[in-house]
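Working notes for the structure below.
In what follows, chains are A, B, ... by sequence order, proteins preceding strands, each numbered from 1.
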Amino acid sequence: MQKLPRSFYTQRTLTVAKELLGKIFIHKIGRRSISGMIVETEAYLFNDPASHSFRGLTERNRPMFYTGGFLYVYFTYGMHYCANIVTFKEGIGEAVLIRAVEPIDGIGAIITNRHTDVRHFKGVRHLHSLTNGPAKFAEAFSLTKEHNGIDLCEDEIFLTKGKNVSSSKIVTTTRIGISAATEKKWRFYIKDSAWVSKK
DNA sequence: TCCACGATCGGCT
DNA sequence: GCCGATCGTGGAG
């Protein structure tokens, strides 16, 4: 399966956020890989008070200012990582947060990754809870600060075409967990998917 | 140097 | 529905 090219990621951010639905996210670890279909995304734009890039370039948000097709992984709440796909042009500072995926390959590894702390075990009793949230996705797919700034046009972490999601299957809503620009409808998910973080 | 806060999650009421 | 965990970041002073 062919990797998505740079030209996919350098489109307008809101376009990429919608088009990412149905795409396959793949992380190759040694000879194995973990993969899943993206079912929920959120866009963060350059003039967006909810975006990490809003106050300009800093050490933390540097990858957001790369050209489209890089990964931006950040650490939050003292314990979680979240992964974004950088979009649009170099120097702008836009990205799409991956909020949920439907597991495809490497389910065993996903379960292991999500069970590393026994205290979390009870929360993973239902399969959909493995990857229905941005920090759950990052943990399930072993995405940490090591992967911050990685190029998705290389061979370790990349996306493939997956399935086409018609626009009638895309639900558009406000974003979750933010305190600014709460009125912007920049969250997208696949209607009827059991794997989204919240209806 | 200090310190408030966060694109979350899981457990508890 | 609410709350605590836990720490890197960056704005303030």
Would A:Tyr77 count as stacking on C:dA5 if stacking means ring centres less than 5.5 angstrom apart and planes tilted under 30 degrees?
no
Given B:dA7, C:dT9, B:dG10, the nucleotide with the shortest approach to the side chain of A:Lys136
B:dG10
Separation of B:dG6 C1' from A:Phe75 CZ (nearest whole Å)
11 Å
Assess whether a salt bridge exists between A:Arg6 and A:Asp151, defined as any Lys/Arg side-chain N lying under 4.0 Å from an Asp/Glu carboxylate O.
yes
Can you figure out which of C:dG10, B:dT8, B:dA7 approaches the side chain of A:Thr58 most closely?
C:dG10
Against the six-membered ring of A:Phe70, is A:Arg62 placed for a cation-pi contact (under 6.0 Å from the centre, within 45° of the normal)?
no
DNA chain B: A:Gly78 or A:Ser197, which has the more 5' nearest nucleotide?
A:Gly78
For A:Ala135, which contact category applies under a 4.0 Å heavy-atom criterion: base, sugar-phosphate, or nothing?
sugar-phosphate
Inter-nucleotide P distance (B:dC2, C:dT6), Å rounded
22 Å
Protein-nucleotide distance (A:Ile176, atom CD1; B:dC9, atom P), rounded to Å
9 Å
Of the candidate nucleotides B:dA7, C:dG10, B:dG6, which contains the atom at the shortest distance from the side chain of A:Arg99?
B:dA7
Rounding to a whole Å, what distance do you find between A:Glu40:CD and B:dA7:P?
16 Å
Value in whole Å for how far the C1' atom of C:dC7 lies from NZ of A:Lys145:
10 Å
Report the nucleotide, chosen from C:dG10, B:dT8, B:dA7, that has the shortest atom-to-atom distance to any side-chain atom of A:His52.
B:dA7
More than 12 foreign heavy atoms under 6.0 Å from NZ of A:Lys3: is that the case here?
yes
Once you round it to whole Å, what is the distance between C1' of B:dC9 and NE2 of A:His128?
14 Å
Within the side chain of A:Asp48, is there an N or O that forms a donor-acceptor pair under 3.5 Å with the backbone of A:Phe54?
no
Quick one: A:Arg55 CZ to C:dA12 C1', roughly how many Å, whole number?
12 Å
A:Gln2 atom CD, neighbour heavy-atom count above 12 within 6.0 Å:
no
So A:Ile178, base contact, sugar-phosphate only, or nothing? Heavy-atom distance under 4.0 Å.
sugar-phosphate
Within this structure, what is the CG-to-C1' distance between A:Asn61 and B:dA7, rounded to whole angstrom?
13 Å
Position toward the 5' end of DNA chain C (nearest nucleotide), A:Arg60 or A:Met79
A:Met79
Could you let me know what C:dC3 is paired to, Watson-Crick or G-U wobble, both distances under 3.5 Å, or none if it's on its own?
B:dG10
Round to a whole Å and report the spacing from CG of A:Leu130 to P of B:dG10.
10 Å
B:dT8, C:dG10, C:dG11: which one has an atom nearest the side-chain heavy atoms of A:Cys82?
B:dT8
